[in-house]
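Positions are given from 1 along the sequence.
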Amino acid sequence: MQKKLTITLDERVYDGLHRVVGRRRISRFLESLARPHVMGRDLEAAYRQMAREEAREAEALEWTEALVGDVVGLKPAKQIG
């Protein structure tokens with residue numbers, strides 16, 4: 001669920017956001033900057049716990065290596081034109 005937030009910025013910061021990030025992308029940009037500061041610890045703990053699960057890691061490695069093998073065996077598609 002998304003929530004709407006009103007913030008106050010210096011005019012130069014506001015103009016810079018529009019110039020550098022672009023309209024309709026500012027919310028996503030600011031969220032990506034804030035997210036690690038407000039949610040990062042829980043995510044880091046989850047990654048550490050997943051890394052300790054050796055069976056899961058082995059299965060993930062096997063799965064990704066199988067994908068690489070599938071891609072290597074593919075023939076290039078014919079180009080039309």
Side-chain angles (χ1 to χ4, degrees):
M1 173 193 267
Q2 292 183 330
K3 298 285 186 172
K4 189 171 184 173
L5 173 69
T6 302
I7 61 172
T8 303
L9 298 171
D10 181 274
E11 184 177 3
R12 293 174 294 179
V13 173
Y14 177 82
D15 292 340
L17 283 170
H18 274 270
R19 186 177 58 255
V20 175
V21 178
R23 298 181 139 242
R24 300 198 175 272
R25 296 187 197 156
I26 294 172
S27 290
R28 188 174 339 145
F29 174 75
L30 293 176
E31 181 178 349
S32 70
L33 291 176
R35 181 177 292 274
H37 296 283
V38 297
M39 300 178 75
R41 294 177 192 258
D42 292 337
L43 189 57
E44 286 177 32
Y47 281 138
R48 279 194 299 274
Q49 181 180 349
M50 284 178 21
R52 286 191 295 262
E53 297 175 5
E54 293 181 21
R56 183 182 180 131
E57 287 297 308
E59 182 181 339
L61 180 60
E62 182 180 330
W63 184 78
T64 56
E65 288 178 347
L67 284 177
V68 171
D70 290 346
V71 172
V72 170
L74 292 177
K75 295 180 182 178
K78 285 187 178 180
Q79 292 185 349
I80 299 174

Could you list the residues that satisfy ring pair (Phe, Tyr, Trp, His ring centres under 6.0 Å) with Tyr14, not counting sequence neighbours? His18

Return the set of residues passing salt bridge (charged side-chain N to carboxylate O under 4.0 Å, His left out) with Glu57 (not counting sequence neighbours), or none when no residue passes. none

Looking at CD1 of Ile7 and CG of Leu30, how far apart are the two atoms once the value is rounded to the nearest 0.5 Å? 5.5 Å

Apply side-chain contact (heavy atoms from CB on, under 4.5 Å) to [X] and list each qualifying residue two or more places apart in sequence or on a separate chain.
X: Leu61; result: Thr64, Glu65
X: Val13; result: Leu9, Asp10, Leu17
X: Glu59; result: none

Same cluster or not: are Val21 and Leu5 linked, directly or through other Ile, Leu, Val, Met, Phe, Trp or Tyr residues, by side-chain heavy atoms under 4.5 angstrom apart? yes

By the salt bridge (charged side-chain N to carboxylate O under 4.0 Å, His left out) test, which pairs, at least two apart or in different chains, include something from residues 23-33? Glu31-Arg35

